[in-house]
Student: 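I have a structure here, written as structure tokens, and I will follow up with some questions on it.
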2 protein chains.
Amino acid sequence: MSRWQPDSRRRLQEAAVELYAEHGFSETTVAAVAERAGLTERTFFRYFADKREVLFGGEDALRAALVDAVAEAPRGAGPAELADAGVGAVVRALEPRRAELRRREPIVARHPELRERELTKLASWTAALREALEARAVPPRTAAVVASARVALLAVSARRWLADDGEDLAATVAADLAALRAST
Amino acid sequence: MSRWQPDSRRRLQEAAVELYAEHGFSETTVAAVAERAGLTERTFFRYFADKREVLFGGEDALRAALVDAVAEAPRGAGPAELADAGVGAVVRALEPRRAELRRREPIVARHPELRERELTKLASWTAALREALEARAVPPRTAAVVASARVALLAVSARRWLADDGEDLAATVAADLAALRAST
DNA sequence: GGCGTCGATGTCAGTGACTGTCATGACCGT
DNA sequence: ACGGTCATGACAGTCACTGACATCGACGCC
């Protein structure tokens, strides 16, 4: 039998979501989150770099999925198709998490500091996509522009996907891409 | 004769740029910035909401210029032309500030917290452009997608514009837009 | 010229995020 | 048994940020 309960990380995440949702982000102290998880403040900071990071869990895995998908896209694919492969992987990974993301979304939306962190995650996806494109021999300028445009579009689509009750994310992305093309 | 020297705000900004550049952002305390400006820490926080904000001065004015340019664009302009008008205004306002921005850029680049704040400024431009487009009767989905794409492109172009020594910003934006179109 | 108000700043005390360092005690292999 | 490892606790310290109140030149008004 172990000295401590397992799953500390998950317990901290759940405690944080509950408390941030209930009392607001800035009104919740890290000590309170740790206490609800049955741990101390010090241990919180061993799992998460700061008070915000606890809300942003699987982003690294998604970035890895994105990079892998680009690396494994068929030979002969152009920049746009390579980027689509990467974004598509993220979309498929996000699709089943709609409910979970909807619990987090109002918390993040209400606190500028949390939106700021979310933007950082998006930026890291942009950088990852750009590098993955360059690794597939897309010239740097093209890689930068395409990566930036696709991730920005994904963000817009994901926001609507969470806000509305309609289509799945893949369809939303496709529709938004069509709207963008139609407007130029 | 006044009781205090004027220009407190500017003095704080200059002190911050100097100290952040010299010793790094996290190694510099707000008290040190205030002291170099001949003020106290408390006064620093009367001018700037937090330690990062002191590096991001004219963003509100640029956002206003963007919104005005969209509002005053000729009747009959489509979504893309309206967005171009707004982005063009920002570009013209940025163009003469290249040297100043280059002093700030390495500081921001070295500190993730500062990049995070920069992303927030970009996001506020995106939101402003989207609203300005909607005010010109662009449908919401189109406004969101176009605004996001254009500001993302501007960010990519601006980064290269600062990094390289070549063209002016307007030309960089035009070239990047062409690269994006060519790749789809 | 005196007087009251105002506005920018200082002073002080407090909270809470985050960090470095060392101690603890269950687990694991030998 | 025993020594090492690893997750956690305990504790002290720094610093970003905030609220409340004091200060005192400037400025207008009588």
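Letters A, B, ... are given to chains in the order of the sequence lines, protein chains preceding strands, and every chain is numbered from 1. All heavy atoms count here, side chains included; hydrogens, waters and symmetry mates do not.
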Student: Regarding A/T28, tell me which of base, sugar-phosphate or nothing describes its non-hydrogen contacts under 4.0 Å with the strands shown.
Tutor: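 Touches sugar-phosphate only.
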Student: Roughly how many Å is it from CG in A/D50 to C1' in D/dA16, rounded to a whole number?
Tutor: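 These atoms are roughly 14 Å apart.
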Student: Rounding to a whole Å, what distance do you find between A/F48:CZ and C/dT19:C1'?
Tutor: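 From A/F48 CZ to C/dT19 C1': 18 Å.
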Student: So, does A/T40 get its side chain near the phosphate of D/dG9, meaning an N or O under 4.0 Å from OP1 or OP2?
Tutor: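 Yes, within the criterion.
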Student: Compare side-chain N and O positions of A/T43 against OP1 and OP2 of D/dG9 and report whether any pair is under 4.0 Å apart.
Tutor: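 Affirmative; the distance criterion is met.
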Student: To the nearest angstrom, how far is B/R42 atom CZ from C/dT11 atom C1'?
Tutor: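 So the two atoms are 11 Å apart, to the nearest Å.
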Student: Check the phosphate of C/dT9 against B/S8, side-chain N and O only, distance under 4.0 Å to OP1 or OP2. Yes or no?
Tutor: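 Checking B/S8 against C/dT9: at least one side-chain N or O falls below 4.0 Å of OP1 or OP2.
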Student: Same cluster or not: are B/V173 and B/L101 linked, directly or through other Ile, Leu, Val, Met, Phe, Trp or Tyr residues, by side-chain heavy atoms under 4.5 angstrom apart?
Tutor: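 Per the 4.5 Å side-chain linkage, B/V173 and B/L101 are co-clustered.
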Student: Within this structure, what is the CG-to-P distance between A/L19 and C/dA17, rounded to whole angstrom?
Tutor: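 Interatomic distance, CG of A/L19 to P of C/dA17: 12 Å.
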Student: Relative to the 5' end of DNA chain C, which residue comes earlier, A/V30 or A/R46, by the nucleotide with the nearest heavy atom?
Tutor: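 Result: A/V30.
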Student: I'd like to know if B/R159 pairs up with B/D176 as an ion pair, taking the criterion as any Lys NZ or Arg NE/NH1/NH2 lying under 4.0 Å from an Asp or Glu carboxylate oxygen.
Tutor: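 Result for this pair is no, no salt bridge flagged.
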Student: Could you state the CG-C1' distance from B/D7 to C/dT9, rounded to the nearest angstrom?
Tutor: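 Result: 16 Å.
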Student: Output the rounded distance in Å from CD (B/E41) to P (D/dC15).
Tutor: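 After rounding, the reported distance stands at 10 Å.
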Student: Separation of A/K51 atom NZ from D/dA16 atom P, in whole Å?
Tutor: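 Atom-to-atom, A/K51 to D/dA16, this comes out as 17 Å.
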Student: What is the distance, to the nearest angstrom, from the OH atom on B/Y47 to the P atom on C/dG7?
Tutor: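 Result: 13 Å.
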Student: Can a donor-acceptor pair be found, under 3.5 Å and without considering hydrogens, that links the side chain of B/R110 to the backbone of B/G24?
Tutor: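 Looks like no, no N/O pair under 3.5 Å.
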Student: For the salt bridge (charged side-chain N to carboxylate O under 4.0 Å, His left out) test, which of B/K121, B/R115, B/R52 pairs with A/E116?
Tutor: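 Result for salt bridge (charged side-chain N to carboxylate O under 4.0 Å, His left out) with A/E116: B/R52.
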Student: Quick check for you: among D/dT8, D/dT18, C/dA17, whose closest atom lies nearest to any side-chain atom of A/L39?
Tutor: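 For the A/L39 side chain, the nearest candidate turns out to be D/dT8.
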Student: On DNA chain C, check which nucleotide each of B/R11 and A/T29 is closest to and give me the residue with the more 5' one.
Tutor: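 Counting from the 5' end, the first nearest nucleotide belongs to B/R11.
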Student: If you look only at distance, which donor and acceptor atoms sit under 3.5 Å apart when one is on a side chain in residues 80-90 of chain A and the other is two or more places apart or in another chain?
Tutor:
residue : atom : partner : partner atom : Å
A/E81   : OE1  : A/G78   : N            : 2.5
A/D84   : OD1  : A/R150  : NH1          : 2.1
A/D84   : OD2  : A/R150  : NH1          : 3.4

